[in-house]
Amino acid sequence: MTDATKRYVYSFQQGDGHNKMLLGGKGANLCEMTQIGLNVPPGFTITTEACLEYLGANRTLPGSVMQQVREQMAALEQMTGKGFGDAHNPLLVSVRSGAAMSMPGMMDTILNLGLNRHTLQGEIEQTGDERFAYDAYRRFIQLFGKVALDIPDELFDEPFEAIKHREGVREDVGLSAENMKEITGLFLEVVHSQTGRPFPEDPFEQLELAIKAVFNSWMGRRAIDYRREFKITPGMANGTAVNICTMVFGNRGNDSATGVAFTRNPGTGVNEFFGEYLVNAQGEDVVAGIRTPKPIARMRTEMPDLYRQLEELRGKLESHYHEIQDFEFTIEKGTLYCLQTRNGKMNTQAMVRTSVELVEEGLISREAALLRINPESLEQMLFPRLDAHAGATPIACGLPASPGAASGHVVFDADRAEQQGRTGKRIILLREETKPEDIHGFFASQAILTSRGGKTSHAAVVARGMGKPCVAGAEGIEVDVTARRAHIGDVIIKEGDLITVDGTTGNVYLGTVNTVEAEFTDELKTLLSWADQAARLKVLANADIPVDAERALKYGAMGIGLCRTERMFNASDRLPIVLEMIVADSLEQRQAALDKLLPIQRHDFIALFKTMAPNPVTVRLLDPPIHEFLPSEQQLISDLKQLRHLRDSLRGAEILSDTISLLFPNGAQGGSGLPQVIRVADSSLVDEAIDKKEAILKKVRSLFEVNPMLGHRGVRLGITYPEIYAMQIRAILEAACECHKQGVDVYPEIMVPQVCTPEELRAVRKNVDHINKQVSADFGFSPIFKFGTMIEVVRACMRAETLAKEADFFSFGTNDLTQATFSFSREDAENKFLPLYNESGILRDNPFEVLDTHGVGKLMELAIGWGRTTKPDLKIGICGEHGGHPASIRFCHGIGLSYVSCSGPRVPIARLAAAHAALLQPTA
Ligand code: PEP
Ligand code: MG
């Protein structure tokens, strides 16, 4: 279609309410609301295509856009009976942005467009209200000046505040018509002096400049930052639409009002009407926090008939959209208008509650309820709460605007918050009120605190969307940004001071207050139980000790997919024995140490198995290179130097046993209960210590490897020291028998790390079979267990067909498999070149976080195919970090894995992600 015939503009009666990509979310909803008969002021939408063409053509509007706009303006004139630029009965319009994805406050809006010196008189004539007309004019000049002419806000704010101050009024409603007239004159001068020309008088020139300004705001810093932070790709929203809508006024007297409302409480999800309004005010006043609005419930008594109409509108919106709506309304001289609606942004707690309740109310299906919630967002429900027993006394209280608690250092502006946040400091952004240009400060902060504004103020809405705690409108706090101080009565908070903000209660505390972990709500339990029914993948947890297992169980883990046994060796009571095992010169010595470790490991496994019973527990045999349990060579050399110095220079002196302990962290000297003071000359302790250190040093040197991650580790250790694996295998099987004896059915799975050949696996399996015979004979019971392998080296993927002959299950260790596939060190890459790779687009994601489906994933697919050629029902899972990442989980579902295993706190996220995967790829 040629430029001249292409359609760029749709009236609200014509536009397709489902085509958000073309009309933007706001435009599509205005069309839809108009078409279902809600009272929307007439208007039209310029498409996102026009925006993209404008930006692509060096900021030139496609030729026919203004022609189409003029046609629509003529239609508006017909509908309203007013004239655009008419000096007696002027038509005024708002010009608003609106992309396919909601980006609240990130782009620009202009109100009251069409006013000039002549139409102003017409507006006075029509309304008989000079003050109102001048108020509308000064607002228009300021907004237009800022948005379309790039004039800084302060140049308007300063004279405005000066006049308020002179007149002794706090709120602008206290200003007279004369004051407004004076302000208008000053604002026109500001524009003239800043632009070198008078304020544009021609309404169509105003309109064209406003349309261009809104299109430009798509490429503004705020909008770009927001898209980057929320990962809004061009596939999700490409350009902004412009909505041009007949102005209706909430500031036409006490029978007029404006407000913002949610069909349910967005902080808690409770099914109660939630919102705020201001009588005799324009819409921006509510959001900007300039005046503190009243709760919507007050309208029930203040404007009962309109409240009833508003309740009706609330019901209609929910039953039409089947979703919680966040809508703006204006009452002009007793008539209610709906100006916009969008799906309500809520914190996760509210999303979960409303999901469950919308199903119970029959408005949506269980599947829709599950798909409504982003799995990653569940992390918010694990937000800490303030410890009720901490007994702290609040120093201030505001509105609980976004739940959760956080402590941090106070910072008074967004730039500094960003700077300091980068250094890793925890920041609380404290402002009188926030504006959209503060968005980068939000990203850098743990929580937001404002002294003005309501629960629908900018600060509150943005913090809720980000899941960050926010207390808004804490009016007891006086913020002095210039002095970088705030006062609360006699208390002074300086920049850098520590405070705690509780967005659940609205309280603010000095210093850090202890927090406690969040509890699972009943609604979350219900939702996750639906997720488990919908999912095909099972979700297990990576857990090494009983407390972690208990937590994982609470989060709904269906077993343990990876217990890294080396973590058990690191405990301080075991390390000395592990050292004995490592430095042993002979098999006998090593066996003696292993004999001491056996009961300890058995005890560990009994506790773990019992915690998880009857769910499976996958125990991985020792994996890391054994030198990881030893001190470094450098440390040993330095310790020896000190010890020898001690022996030579302090003979006969007394030294504190603390000094010796210092040289032997983890009790490596092999003894405990040293006397408080020892006489070195009388004691052979130092000599003995030196001997032991020298033996360890010798071992460290003999174990040295240039590439330990590719060295003597995993199954290689099990082959060279079969007695180590034998001890672990025995501990697992004996623990299973012991549990059985105590009446607890347990299902251990023995997993071998770093396998690359079937021969390795066969050798370990032989060991397992042999020990199993002995244990079964000893206990008179044959434990039920599985034997399997990790698939974490490339050759294991390639030999999956033969490995499957030896294994009952596979578990992809995608941490090592990613390392091996890329030849990127998992220890170093993320601190060295990976950030640059990501920033420059060489790699889209960090492959250690997001599974590389094209490379690592391809290997996995091959291995699964080959493994299941040998054993069609082979159980296959993943236990690398990717097992808790939603997009990776979706891939794992698609390639036919049986389970994912991830860290405990990510289990709920993985359960929901597994359900999403099944619902979105039902045939996989
Ligand atoms: C892996 O490599 O993915 C794995 C789970 O093992 P680890 O992280 O312990 O090496
Ligand atoms: Mg590994």
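Read the numbers this way: they start at 1 and go in the same order the structure lists the ligands and their atoms.
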How does Met709 reach ligand 1, by side chain, by backbone, by both or by neither, if only non-hydrogen atoms under 4.0 Å count?
->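 The answer is neither.
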Would you kindly specify which portion of Thr814 sits under 4.0 Å from ligand 1, judged on non-hydrogen atoms: side chain, backbone, both or neither?
-> backbone
Using distance alone, with no hydrogens and no angle criterion, decide if Asp639 and Gln635 have a side-chain donor and acceptor under 3.5 Å apart.
-> yes
Which atoms of ligand 1 have any heavy atom of [X] under 4.0 Å away?
X: Cys879; value: 5 (C)
X: Leu562; value: 5 (C)
X: Gly813; value: 1 (C), 2 (O), 3 (O)
X: Arg826; value: 2 (O), 7 (P), 8 (O), 10 (O)

Would you tell me which option among His882, Arg564, Glu881 has the nearest heavy-atom contact to atom 7 (P) of ligand 1?
->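 Looking at heavy atoms only, the winner is Arg564.
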Any idea which of Asn542, Ile878, Asp816 brings a heavy atom closest to atom 2 (O) of ligand 1?
-> Asp816
Got a sec: is Asp623 within less than 2.8 Å of the Mg ion (ligand 2) via an N/O/S atom?
-> no
Does Lys871 NZ have over 12 foreign heavy atoms under 6.0 Å away?
-> yes
Distance in Å, Thr814 OG1 paired with Ile878 CD1, rounded so as to fall on 0.5 Å steps = 3.5 Å
Please round to the nearest 0.5 Å and tell me the distance separating atom CE of Met751 and atom SG of Cys563.
->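 Going from CE on Met751 over to SG on Cys563, the span is 9.0 Å.
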Glu792 atom (N/O/S) at minimal separation from the Mg ion (ligand 2) |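 Of the nitrogen, oxygen and sulfur atoms in Glu792, the Mg ion (ligand 2) lies nearest to OE1.
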For Asp816, what is the atom name of its N, O or S atom nearest to the Mg ion (ligand 2)?
->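 This residue's closest N, O or S atom turns out to be OD2.
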Between Phe824 and Tyr837, how do the two ring planes meet: parallel, tilted or perpendicular, split at 30° and 60°?
->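 Perpendicular, since the angle between the ring planes exceeds 60°.
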For the side chain of Glu723 and the backbone of Gln591, is there at least one donor-acceptor N/O pair under 3.5 Å apart?
->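 No, Glu723 side chain to Gln591 backbone: no donor-acceptor pair under 3.5 Å.
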Does Met568 offer a backbone N or O that forms a donor-acceptor pair with the side chain of Asp544 under 3.5 Å?
->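 Not a single qualifying donor-acceptor pair exists.
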Under a heavy-atom criterion of less than 4.0 Å, does Arg620 contact ligand 1?
-> yes
Looking at residues at least two apart in the chain, or sitting in another chain, which of them share a salt bridge (Lys or Arg N to Asp or Glu O under 4.0 Å) with Glu861?
->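 Partners of Glu861 under the salt bridge (Lys or Arg N to Asp or Glu O under 4.0 Å) test: none.
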